[in-house]
Amino acid sequence: MTTCCAPKNGAAAPEINADELAMLCKALAHPARVQLLNYLSAYGACYFGSLADVLPLAASTISQHVSVLKQAGLIIGSADEQRVCYCVNVERLTQLKQMIAKL
């Protein structure tokens, strides 16, 4: 019997939090959320109204996508008097990258 892959040296699989990784991947499972995270990562921080310029979507749809990213901890929102400014949670994004690197 032949196998499609050569077995590794018997090394144990690295420890990962599968539930946490799956939740983060689910948060990025929509192209609009990937685009929003990419934009914020490159741009730094911006107000919610500016995010409407990033994607050709209704503000309510963008708000839903932002909520998913916030719940996953990938972005942070800070409110001033009347607006909310969003930025990438660098620590959380680093955690995601480290988890993926272990796969």
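Only heavy atoms go into these numbers, but all of them, side chains included; no hydrogens, no water, no symmetry mates.
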Less than 4.5 Å apart, side chain to side chain, heavy atoms only: is that true for [X] and [Y]?
X     : Y     : answer
Tyr43 : Ser50 : no
Lys70 : Ile76 : no
Ile75 : Leu36 : no
Leu21 : Leu96 : yes
Tyr39 : Cys46 : yes
Val54 : Ile62 : no
Leu74 : Leu28 : yes

Closest non-hydrogen atom pair, [X] against [Y]:
X     : Y     : value
Gly44 : Cys87 : O-CB, 3.4 Å
Lys26 : Arg33 : O-NH2, 3.6 Å
Arg92 : Ala72 : NE-O, 2.9 Å

Kindly work out whether a path of hydrophobic side-chain contacts (I/L/V/M/F/W/Y, heavy atoms less than 4.5 Å apart) joins [X] to [Y].
X     : Y     : answer
Leu57 : Leu69 : yes
Phe48 : Val88 : yes
Val34 : Val90 : no

List for me each residue that meets ring pair (Phe, Tyr, Trp, His ring centres under 6.0 Å) alongside Tyr47, sequence neighbours excluded, and say none if there are none.
->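 Applying ring pair (Phe, Tyr, Trp, His ring centres under 6.0 Å) to Tyr47 gives none.
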Interatomic distance, [X] atom [atom1] to [Y] atom [atom2] [nearest 0.5 angstrom]:
X     : Y      : atom1 : atom2 : value
Leu24 : Met99  : CG    : CE    : 4.5 Å
Leu37 : Gln35  : CG    : CD    : 11.0 Å
Asn17 : Lys102 : CG    : NZ    : 10.0 Å
Glu20 : Gln95  : CD    : CD    : 7.0 Å

Which residues share a side chain to side chain contact (heavy atoms under 4.5 Å, CB included) with Val84, sequence neighbours left out |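 Here the qualifying residues are Ala79, Tyr86.
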Answer yes or no: is there a donor N or O on one side and an acceptor on the other, between the side chain of Asn89 and the main chain of Gly73, under 3.5 Å?
->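 Between the backbone of Gly73 and the side chain of Asn89 there is a qualifying donor-acceptor contact (under 3.5 Å).
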